[in-house]
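Take a look at the structure set out below.
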Amino acid sequence: MKAAVIVFPGSNCDRDVAVALEQSMGRAPAMIWHGESELPKLDLIVIPGGFSYGDYLRCGAMAAHSPIMREVKARAAKGTLVLGICNGFQVLTEAQLLPGALMRNASLKFVCKDVQLKVENAKSSFTRGYKAGQVVQIPVAHGDGNYFADGETLRRLKGEGRVAFRYVDANGKATDDANPNGSIDNIAGILNEKGNVLGMMPHPERLSDPLLGGTDGRTMFEALAKVVLA
Amino acid sequence: MNSTLARDTATVTPEIAAEHGLSPAEYERVLQILGRAPNLTELGIFSVMWSEHCSYKSSKVWLKKLPTTAPWVICGPGENAGVIDIGDGLACIFKMESHNHPSFIEPYQGAATGVGGILRDVFTMGARPVANLNALRFGAPDHPRTRHLVAGVVAGIGGYGNCVGVPTVGGNTAFDPSYNGNILVNAMTVGVADADRIFYSAASGVGNPVVYVGSKTGRDGIHGATMASAEFDEQAEAKRPTVQVGDPFTEKLLIEACLELMAEDVIVAIQDMGAAGLTSSSFEMASKGGMGVEVDLDKVPVRERAMTAYEIMLSESQERMLMILKPGRENVARRIFQKWELDFAVIGKLTDTGRMVLKHHGETVADLPIAPLADSAPQYERPYLPTPKPAALDPASVKSAGAPLDSLKTLMAAPDLASKRWIWEQYDHMVMGDTVVRPGGDASIVRIHGTERGLAMTADCTPRYCVADPSEGGKQAVAEAWRNLTAVGARPLAITDNMNFGNPEKPEIMGQFAGCIEGMRDACLALDFPVVSGNVSLYNETSGKAILPTPMIGAVGTVEDLDNFATADFRRDGESIVLLGETKGHLGRSVYLRDLLGRDEGAPPPVDLAAERRNGDFVRGLIESGDIVTCHDVADGGLLVAIAEMALAGGIGAEIAAPDALPCPLHAWLFGEDQGRYLVTVRNPETVLQQAREAGVPAFVLGRTGGDALTLAGAGTISLGELRQAHEGWLPRYMAAPDALTQV
Amino acid sequence: MKARVHVTLKNGVLDPQGKAIGHALGSLGFSGVGEVRQGKFIEIEIAESDAAKAKAQVKDMCEKLLANTVIEDYRIDVDA
Amino acid sequence: MKARVHVTLKNGVLDPQGKAIGHALGSLGFSGVGEVRQGKFIEIEIAESDAAKAKAQVKDMCEKLLANTVIEDYRIDVDA
Ligand SMILES: Nc1ncnc2c1ncn2[C@@H]1O[C@H](COP(=O)(O)OP(=O)(O)O)[C@@H](O)[C@H]1O
Ligand SMILES: [Mg+2]
C-alpha cells in the first residue's frame with residue numbers, strides 16, 4: 001500500500017494531511033513535488049489544501065496544469081484513488097476530473113470553522129467508514145468553496161449518488177444557515193463516476209486527533225487504510 | 001571619487017533635507033560626517049537610517065530600562081526578533097510589529113503587508129512560523145470610516161496569513177474615538193527553531209558575497225514628499241501611490257526556500273528587507289559586523305524601468321531578503337531559490353573599508369562611512385511631563401446603571417466586550433494541524449509539532465487604564481498577558497511589546513511613554529517576564545489629537561504537558577465556581593463606568609504584583625496537577641461578564657450568589673475590574689479552598705454550574721440564548737452594512 | 001503587441017461577487033440598479049506582431065488557462 | 001442601460017496575480033509573454049436612460065465601492 005501527497009508551490013496543508021495519513025496507515029506518504037512528471041506505484045493520491053500558486057487567477061487553475069497532473073489524470077483513469085481536499089478539490093474541478101466549479105463564497109469572506117456534514121454516500125472507498133446519513137463534524141477553511149454545477153450535471157450527481165457530503169445543521173437538515181459558502185444544494189463533496197475520485201471542501205485531516213477537538217476526519221483515513229492495505 | 005559623485009549633489013539643499021525629515025541640526029551632522037554635501041541617494045540613506053522608525057531616537061533611552069534577560073533568554077532585543085529557550089533543544093522566536101499608518105491609508109494591503117513583514121522577521125532567524133496574532137484598535141464604531149477599516153484590515157490579515165499557511169490563533173480588538181484618525185494594526189508572529197540553529201544579521205568575512213533573494217524591486221512605498229521633488233518629476237505621471245502590495249504566495253515560497261537553505265551550511269548572516277528595504281538591511285548587517293559593503297545596483301532585480309539608485313535603495317517592495325553567504329556556496333543557494341522560482345542575485349561583497357559604496361551604471365552613486373553614520377544616529381532625551389496621578393474613585397459614590405442582568409446584557413454586546421468571532425473565523429486558525437486551543441479564550445495554545453508540549457500566546461493592553469495612569473496601565477498590560485497565559489496553565493516566559501503613542505515631541509506624550517515603560521518594567525521584574533523584542537510606533541496623532549497610549553504586549557509561555565491545560569468553558573453541570581483573588585469593587589476606568597454611565601473617571605485598578613504572582617502561581621499549580629480544567633481570568637467588564645463568557649463558551653449556565661457581607665455596592669462587586677483574579681470550577685471545592693487558604697490566596701465559592709441560563713440570586717435569570725445573541729450578535733450586525741464590502 | 005482579454009461568467013452561472021456588489025450598491029442608496037456581473041480583465045504583452053497570430057495565441061492561452069470554459073466565456077482584443 | 005467598468009491597478013503597483021499568470025503562461029510553453037496585469041470588469045444594469053447621468057452615477061459607484069482608488073484606476077463606458 002502506498003499513498004502520495006502532491007505538493008504545489010503554495011500548498012500548505014501537505015504536512016497536515018501527511019501526518020493524518022501516517023497516523024492511520026502506519027506509514028508516511030510520499031511527498032511528490034508538482035514538477036515531477038512520473039509517479040511511483042500508488043494506491044492513493046492526495047491533493048492537499050492550501051493556496052497553490054497563491055490561488056491567483058482562479059483557485060486551483062494553475063496547479064491543474066502542472067506536469068504532475070497529467071500523470072494524476074492517467075492514474076485516476078486506471079482506478080487509483082484520488083482525494084482532493086479544499087484547494088485539492090478546486091484543482092480536481094479545474095483539471096476536469098470532477099464536474100462543476102468552486103466559486104467565491106456567497107459571503108465573499110474566508111470562513112474557518114467546524115461544520116456538520118451529512119454523509120450522503122457511505123459506499124465509496126473514502127466514506128465507507130461512516131454510516132449513510134451519519135452527521136459528522138469536520139472544519140472548513142476557504143474563501144472559494146461555493147460549489148456550482150449546471151442543472152444537468154447536478155441531476156446526474158444526485159441521480160448517481162455522487163454527492164458524498166452535504167452541509168447540514170445539528171439535526172441533519174441541509175438548511176441555508178448550515179451552508180457556510182452558498183454551495184448549490186449544500187454540496188460539500190462529490191465523487192466522480194467511478195467513485196475513485198473524491199473532492200471535498202472540508203478538511204478531514206484537521207479533526208483526526210482528539211487533542212485538536214475531534215476524530216470524525218480520522219474515520220476517512222482509517223477506511224482508506226483498510227482499502228489500500230487489503 | 002567626489003567628482004563621480006557630483007552628479008546630483010547640487011540638488012541637495014537644506015530644504016530637501018527637511019523634506020526628508022532631517023532637522024537642521026541633523027543635516028549639519030550629515031555635512032560634518034561626510035565633509036561635503038550628500039547627494040540625493042546618500043541623503044535618502046541618512047534620512048531612513050536616522051528616522052524614528054529605524055533609529056528609535058525618541059524611545060531608545062527609555063527602552064533601555066526594560067528588563068531583557070533571564071536564564072531562558074537566548075537573544076533579547078536588537079536582532080530581528082527575540083529568542084527564548086523552550087526546552088527539548090528548541091527555541092521560540094517571536095516579535096510584534098505595527099503597520100498602523102499604511103493600514104489606515106489602505107486597510108487591506110496595509111494589514112496584509114504588516115503580517116508579511118513580521119513573518120519575515122521571524123523566519124529570517126531560522127524559525128518556522130507556527131502562529132500569528134494581531135492586536136487591533138479602531139475608531140468609534142459610528143465613525144464613518146471605521147467599518148471600512150475593520151473590513152479591510154481583517155480581510156488583509158486573513159488574506160495574507162491564510163495564504164502563507166500560518167494559523168492566526170489570537171489577538172485583541174477594541175474601539176475608541178481616539179483611534180478615529182490613527183488605527184492600530186499590530187501583528188505578531190511566533191516561530192520555532194532548533195536552539196542551535198539560530199541565524200543572526202551581523203555580517204562577517206571580507207569578500208563574502210552579498211545576495212539578494214525574493215521578489216523584484218519596484219517603486220513601492222517610496223515616500224511621497226520626495227517623489228514630488230523636481231528630480232523625480234521626469235515622468236510627470238499621476239501621483240504614484242506609495243502603497244505596497246503584499247504577495248503572500250511569494251512569501252510562502254520565500255519561507256520554504258529560506259528554511260531549506262538554512263538546513264545547509266551556507267549562510268553567514270541574513271536579514272529581511274523591511275522598512276527602508278535595501279538600505280537598512282545592507283547597512284545594518286555591515287554595521288553590526290563592523291564591515292564595509294559594496295553593492296552594484298545594476299545587479300539588483302528590478303521590475304520597473306529606469307529605476308534610480310535612490311529608488312532602488314529606498315524601495316519598500318515586499319518579500320525580499322538579503323544574505324551574506326559563505327564563500328563559494330552561491331550555487332547551493334541559487335539552486336534552492338531556482339527550485340522555488342524566486343529571484344536570486346549576487347549584488348555585492350563585504351569589504352574591510354568600513355564604508356558603504358554603491359555603484360550604478362558604472363558610477364559610484366554613494367560612498368558613506370558606516371560606523372560614524374550609525375554611531376552618531378541621533379538619540380533624544382525628549383522632555384517629558386509625567387501624567388498627574390488621578391484620584392481613586394470610591395465605588396460607593398458610583399450609582400448603579402440598573403438591574404445587574406440588564407447591565408450584563410448590555411455589556412456583553414458592547415463593542416469592546418462583544419465576541420470577536422466575526423474576525424477570527426475569517427482567519428485560518430487551524431492550518432498546520434497543531435492548534436489545541438483556538439481563538440476565543442484567554443490564550444491560544446499551539447502544540448509544538450511532534451511533541452506533547454504546547455506554546456501558549458496572547459496579546460493584551462488596556463489603553464483606558466494607560467491614559468489615566470501610564471505606569472499602572474503599563475504594569476497592568478504585562479500582568480494581564482501573564483494572567484492570560486496562566487489561565488490556560490502555561491508558564492509565562494517572555495514578552496514582545498509594541499509601543500503605540502502620539503507625538504513624542506510633546507512632553508505629555510513622552511510622559512505617557514515613560515510612565516508605561518516604568519510600569520512594564522516593574523511587572524516584568526516581579527513576574528520574571530523579560531522583554532525580548534519590540535517595536536515603537538510614534539506620531540499616532542491627527543489634528544493634534546493623540547491616540548490613547550497603547551503599549552501592546554504579546555506574550556508567550558509553554559504548556560509542559562498537553563494532558564493538563566485549561567480553557568474558559570464550563571464543561572459539566574453541578575460544579576462549584578470558585579473565585580480566586582480579592583474583590584474590592586474597583587470601578588474607576590471600568591467598562592461599566594464608561595459604557596453604561598458614560599464616565600471616563602478615576603484611577604485604573606492597581607495591580608499588586610506580589611498578589612498577582614501568588615494567585616497566578618497557585619492557579620497554574622492547580623491546572624498542572626490536573627485538578628482543574630476550566631479556568632478564566634477576570635478582565636474587562638468584571639466578574640459577571642467573566643462568568644457569562646464561561647457559560648457561553650461551554651453552553652452551560654450557572655447559579656451564583658454574592659456573599660452576604662459585600663465590601664462595596666453590588667454593582668461594583670459584579671462589574672468592578674479588580675486585578676489578579678481567576679474563576680475556576682471544581683466538583684468538590686473543599687480541597688481547593690483549603691489549598692488556597694494555605695497559599696494565602698483569597699477564595700470564595702460563587703455558585704454552581706448547570707442549566708441553560710445564568711441566575712443571580714435576588715436579581716433574576718437571563719437565558720444563555722439571550723446572552724449569546726447579545727454577545728455574538730453585535731459585530732456581525734455592525735459589519736453587515738454595505739460600506740464594509742471589501743472585494744479584493 | 002498588447003492583448004486584452006475579458007473573462008466573464010456564462011449566462012446562468014451564479015455570480016456571488018456580482019450579487020454582493022448589487023446588494024451593496026442598493027444599500028448605499030443607488031436606485032435602479034439591476035443585475036451586476038463581475039468578470040476579469042487581463043492585459044498581456046506579447047512579442048507576436050501579427051494580429052491574427054497574436055489572437056490565435058491568446059485564444060490558446062484562454063482555453064488552456066485564462067478562462068475556465070465550464071463556467072466562463074472570454075473575448076479577446078489585440079492592438080499594436 | 002448597461003454600464004461597463006474596467007478597474008485596473010495603477011501604474012507601478014505590484015500585481016502579484018498578473019505576475020503569477022505571466023509565469024504560468026511561460027511554464028505552459030507560451031513564449032514571448034511580457035507583462036501581464038489583471039483587473040476587474042464589472043457590468044451593471046441601471047435604470048437611468050440618460051447616458052451622461054448614467055455615467056455620473058456609475059462614477060459615484062466607483063468612488064464609493066467598485067474601485068479602491070488608493071491603488072486602482074477605473075474606466076466607465078455606458079451604452080443603451
Ligand atoms: N483580532 C483578533 N484576531 C484573533 N483573535 C482575536 C482578535 N481579537 C480578539 N480575538 C480573540 O477573542 C478573544 C477575546 O479577546 P480579549 O478580550 O483580548 O481576551 P482577554 O480578555 O482574555 O484578553 C481572545 O481569544 C482573542 O484571541
Ligand atoms: Mg482573559
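Residue numbering restarts at 1 for every chain, and letters A, B, ... go by the order of the sequence lines.
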Name the atoms and distances for all side-chain donor-acceptor pairs under 3.5 Å in residues 152-159 of chain B, with sequence neighbours left out.
none

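Scanning for salt bridge (Lys or Arg N to Asp or Glu O under 4.0 Å) contacts around D73(D) gives K10(D), with sequence neighbours left out. Annotation: salt bridge (Lys or Arg N to Asp or Glu O under 4.0 Å) contacts of K19(D) (sequence neighbours excluded): D247(B).
Residue S317(B): no heavy atom, backbone or side chain, is found under 4.5 Å from chain D.
Aromatic ring orientation, F41(D) versus H6(D): tilted (interplanar angle from 30° to 60°).
When the heavy atoms of residues 29-38 of chain D are compared with those of chain B, none of the residues falls under 4.5 Å.
There is no side-chain donor-acceptor pair under 3.5 Å between N68(D) and Y108(B).
Between D77(D) and K55(D), none of the side-chain N atoms (NZ, or NE/NH1/NH2) sits under 4.0 Å from a carboxylate O, so this pair counts as no salt bridge.
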